[in-house]
Number of protein chains: 2
Amino acid sequence: MPSPIENLTKIEVSRENRRRQLIEATVRAIASQGYARLTLTDVAREAGLSPAIVNFYFKSKDQLLVATLEHLGAEYDALWHAAVSAAGGSPAAALEAMIEADFHPQLFTPEKVKVWFAFWAEAQIQPAYRDLVSRLEAGYYKETHEHCARLIEQGGYRVDPAAVAYGLNAMVDGLWFDYLIDPEAFEVDMAKRSCRLFLASLFPREFGRADAAIVPAEEAGDVRSHTGHRARLAAALKRRLHPNTPMQPRDLAAAIGVTAETVRNWLAESSEPSSGMMGRLAGALDAQLWIEVYGPVYQGLRERFEARLAATREAETQERAALDVLGRPRS
Amino acid sequence: MPSPIENLTKIEVSRENRRRQLIEATVRAIASQGYARLTLTDVAREAGLSPAIVNFYFKSKDQLLVATLEHLGAEYDALWHAAVSAAGGSPAAALEAMIEADFHPQLFTPEKVKVWFAFWAEAQIQPAYRDLVSRLEAGYYKETHEHCARLIEQGGYRVDPAAVAYGLNAMVDGLWFDYLIDPEAFEVDMAKRSCRLFLASLFPREFGRADAAIVPAEEAGDVRSHTGHRARLAAALKRRLHPNTPMQPRDLAAAIGVTAETVRNWLAESSEPSSGMMGRLAGALDAQLWIEVYGPVYQGLRERFEARLAATREAETQERAALDVLGRPRS
DNA sequence: CATCCGGCTGAATGTTTGTTTAGAGTTTTA
DNA sequence: TAAAACTCTAAACAAACATTCAGCCGGATG
């Protein structure tokens, strides 16, 4: 389990922290000023530094913006990859995990959604943005399509996996859009329910009947609300900060830009990182961290899937038998 | 059937034309330069005029941009309102009409979609944009919700109309987004099919079974492909340019910025306006024009709906009877 | 025909902003 | 400890841009 930071000198780590500090300042600045009116003075003010600093760490304003988009893209990719891995092999659980990831509080904040749309709009002009955005979208679509196809095959369904994946992707993007337009009125539960409604009406055995989908999903609660991940985080960190490894708490703290005291508190389970900080941790260490900490949550999701599947399959069998009695097998 | 242009002097008409010319130049300029890099010089170049002209017809660059957004919004509203009216009272046909309108070639062009997203992204900052965009979205959602609710009630379905309307809106927005990201790869038919797949799985009687929705929809063809609307347009125009009305072909031509010769060609059915020009016509005359010209197309859609409904209702009745025999009425 | 007036332009203006540069303060290295 | 390297800032610079304005041109008006 090698860590990226082992290969870097302290100077390089420090530079990396400054760059990230500026990138995060850029995100805040775009969210408050807008992309079009963004100036380096805004970024510097957010970062608490002088305007000229940007041209020191990034060659130009354009490069800062590209780096910001790359940062957001990497964060998004890492999150849903980890969620899918944690969901195990079941395609239904994987799709559910992707929906959860799409509305995960680390990504799905008013600030970040605003910034995403700013880049998306601008990507039509700037080829540098465009390529990156297209690659992200394609990767996400491919993954969705794969799980849909497997689900259709395993479940013996007869719909076009491309149409399903396409529709699901579009719905998620559209819900992000709704959130952009009016974050106050947006209800995350309702959004997830709409996605499940779509899947449930196509795959009733795995996602429950469409009728059931209108009932607020009491399961599949917010990841944050689950207790136990504080302990899991501490354990996962301890494994990585084992005495005979070169990395010590203070190194990790320096790598992610917090004090050593903060890291010690996490290890002592007396506090826990914000979701944003959690993303930094996963970046500084490895993506496996995500799975170890949040895996059990998705594991729970998976188990509920299996139970629901068994129940609805029973009902399905009875219904099918009833039709068979009349000699008119269901098409 | 009063026409707005009757109340305007020639000078006012001329001013209105220039304003629209500048607005359309702005749309092209944003599509090619992007919102952030847009300069008045770009707009002027697109319009074939000098940069200072903008501050003559609009007090400032900001006002030009607001006017541009208002123009797009009015066009969008008019289009789907007309489509819904033409669809008659059936909620299913209305929903189908709204889907058709959302991907209508007048609106759904790479240029306009780019510009829409540019404004949407910027709407997070500029309250002037924000209010307008929110109002448009709300109106569209309300309409969708209404038709969904009626469909659910009439059909005896048991899903939450809000979740359906929400999901459908999100899917349409998301498909626009896909188009933004990669217009080359986008297939309009596939997009419409995904929307119908969603509706079909919830309302199988009105939209056909989900299984059927994977077959390319040979019906519901593109509005443009229907012959006959050239004749309908000529007739509709003749009614409005009747000899004893004050408006003559040359007035109409001036109002929409074409030559009188062009209008005469439309009347003679020897040519037809582009979809964009059709939008101008409806604006200069009245929205009813849309219905007269394109109504029969949506009428055809409605008839196919009725036929499909009758066929699937028959099958449904048989199935229900089969279940009743077993004394286990379908829940 | 002379006059007037609105439409439009080219040049000028003042502001904003990205970038450069010289150098001060601090840390690291020899 | 001295020198070198690094980080960061303040000021200067140059380019881009929205906006203003004086005035030209062409058609309408008397």
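Residue numbering restarts at 1 for every chain, and letters A, B, ... go by the order of the sequence lines.
At whole-Å resolution of the value, CZ in A:Arg45 and P in C:dT16 are 13 Å apart. When the C1' atom of C:dG23 is taken as reference, atom CZ of A:Phe56 falls 14 Å away, rounded to whole Å. Separating the CD1 atom of B:Ile53 from the P atom of C:dG6 is a distance of 15 Å, rounded to the nearest angstrom. At whole-Å resolution of the value, CZ in A:Phe58 and P in D:dT7 are 13 Å apart. Taking atom CD of B:Gln21 as the reference point, atom C1' of C:dC8 lies 12 Å away to the nearest angstrom. Rounded to an integer number of Å, the gap from CZ of A:Arg15 to P of D:dA5 is 15 Å.
No side-chain donor from either of A:Asp131 and A:Ser134 sits under 3.5 Å from a side-chain acceptor of the other.
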Sugar-phosphate or base contact per nucleotide [nucleotides 14-20 of chain D; S, B, -; heavy atom under 4.0 Å]: ---SSBB
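In this structure, the nucleotide among C:dT9, C:dC8, D:dT7 sitting nearest to the side chain of A:Tyr57 is D:dT7.
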Using the rule given for side chain to side chain donor-acceptor pair (under 3.5 Å), can you reason through B:Asp77 versus B:Tyr140, listing the C-alpha separation, both sets of side-chain angles and the distance that settles it, and then say yes or no? CA-CA 8 Å; B:Asp77 263 1; B:Tyr140 185 92; over 6 Å; no
Side chain to side chain contact (heavy atoms under 4.5 Å, CB included) between B:Trp176 and B:Phe103, worked out: CA-CA 9 Å; B:Trp176 273 54; B:Phe103 301 103; 4.1 Å; yes
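Note: B:Phe117 and A:Phe117 have parallel aromatic rings, judged against thresholds of 30 and 60 degrees for the angle between ring planes. Relative orientation of the B:Tyr35 and B:Tyr129 rings is perpendicular, given thresholds of 30° and 60° on the angle between their planes.
The phosphate of C:dC8 has OP1 or OP2 within less than 4.0 Å of a side-chain N or O from B:Arg18.
Of the charged side-chain nitrogens involved, none lies within less than 4.0 Å of a carboxylate oxygen, so that A:Glu269 and A:Arg230 do not count as a salt-bridged pair.
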